[in-house]
Amino acid sequence: MNDRFKFRAYNTESKRIYDVRELGFMRDTLELVDICLEKPNNDAYGIEIESVEEYILMQCTGLKDKNGKLIFEGDILQDGVGNTFEIAFIKYCNYIRETKRHYWLKFDERHTSYEIIGNIYENPELLET
């Protein structure tokens, strides 16, 4: 369950998602001030520390889809009959929203037979189907 504490970050300027290595907080206020990212750099990955202002953080659910890929908040999943679902983190729990009916359910192991088909930032059109 250590995967539950992994994060990734969407850069609102470059429109790309990066793996987060570390989060930096102000000592007194615990305000998030910077993130350490893994970024591709000429065929290799480099580590860069950046301000959080242009990033949206997404936490891992700790669960994997049917292909063994970690599921993060913001991911879009599809079940075996073509229904699409959005993953969100609300009040300390992960929820899954069925996009056609717009209702929320608690996201758990029952949904790991679904497949990640994209995410709400890079593939918003998948929520319209």
Side-chain angles (χ1 to χ4, degrees):
M1 200 58 138
N2 288 337
D3 292 332
R4 180 73 177 94
F5 300 105
K6 288 185 178 183
F7 289 87
R8 66 183 185 191
Y10 175 73
N11 184 295
T12 57
E13 306 239 339
S14 70
K15 310 284 189 230
R16 294 192 58 194
I17 291 180
Y18 302 101
D19 291 328
V20 174
R21 294 281 304 261
E22 293 179 20
L23 299 172
F25 296 90
M26 292 288 281
R27 187 177 304 189
D28 296 333
T29 63
L30 292 181
E31 177 185 355
L32 183 64
V33 291
D34 59 34
I35 55 178
C36 182
L37 303 169
E38 290 185 25
K39 285 188 162 183
N41 183 9
N42 299 335
D43 300 333
Y45 276 87
I47 305 299
E48 292 185 23
I49 297 176
E50 299 201 7
S51 171
V52 297
E53 287 135 6
E54 57 204 38
Y55 288 93
I56 299 169
L57 285 177
M58 296 167 278
Q59 188 170 359
C60 184
T61 64
L63 300 173
K64 296 180 180 180
D65 75 351
K66 72 177 191 175
N67 299 315
K69 188 174 178 183
L70 285 171
I71 300 170
F72 284 80
E73 64 180 302
D75 279 342
I76 300 171
L77 306 180
Q78 190 171 58
D79 65 12
V81 294
N83 296 315
T84 56
F85 301 85
E86 171 190 352
I87 302 298
F89 189 76
I90 305 170
K91 300 232 184 208
Y92 313 108
C93 292
N94 287 301
Y95 285 86
I96 186 167
R97 178 176 71 96
E98 204 278 328
T99 55
K100 289 182 184 171
R101 297 186 202 134
H102 302 290
Y103 63 85
W104 292 92
L105 299 171
K106 189 168 182 197
F107 180 69
D108 56 28
E109 290 83 6
R110 295 174 293 168
H111 301 103
T112 57
S113 64
Y114 295 2
E115 179 178 25
I116 298 170
I117 58 170
N119 65 70
I120 63 173
Y121 302 107
E122 296 175 316
N123 317 101
E125 71 280 358
L126 295 174
L127 294 174
E128 298 167 7
T129 58

[X] versus [Y], closest heavy-atom pair with distance:
X	Y	value
K64	I71	C-CD1, 3.6 Å
E73	T61	N-CG2, 4.5 Å
I17	R8	CG2-CD, 3.6 Å
Y114	D65	O-CB, 3.2 Å

Exercise for review: Can you sort out the partners of F72 under ring pair (Phe, Tyr, Trp, His ring centres under 6.0 Å), two or more places apart, ordered by chain and number?
Suggested key: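 For F72 there are no ring pair (Phe, Tyr, Trp, His ring centres under 6.0 Å) partners, ignoring immediate neighbours.
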
Calculate, to the nearest 0.5 Å, the distance between atoms [atom1] and [atom2] belonging to [X] and [Y] respectively.
X	Y	atom1	atom2	value
R16	E13	CZ	CD	14.0 Å
I117	L77	CD1	CG	8.0 Å
M58	K6	CE	NZ	14.5 Å

Practice item. Not counting sequence neighbours, which residues clear side-chain contact (heavy atoms from CB on, under 4.5 Å) with I120? List them please. Key: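 Partners of I120 by the side-chain contact (heavy atoms from CB on, under 4.5 Å) criterion, ordered by chain and then number, come out as I76, E86, L127.
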
**Study point:** All side-chain contact (heavy atoms from CB on, under 4.5 Å) counterparts of K66, not counting sequence neighbours
**Key:**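 For K66 the side-chain contact (heavy atoms from CB on, under 4.5 Å) partners, ignoring immediate neighbours, are E115.
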
Is a donor on one side and an acceptor on the other found under 3.5 Å between the side chain of [X] and the backbone of [Y]?
X	Y	answer
D75	I116	no
N123	L126	no
N119	Y121	yes

Practice item. Mind checking side-chain hydrogen bond (donor to acceptor under 3.5 Å, both in side chains) for D79 and listing every partner two or more places apart, or none if nothing turns up? Key: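 Testing D79 for side-chain hydrogen bond (donor to acceptor under 3.5 Å, both in side chains), a comparison that skips the adjacent residues, returns N83.
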
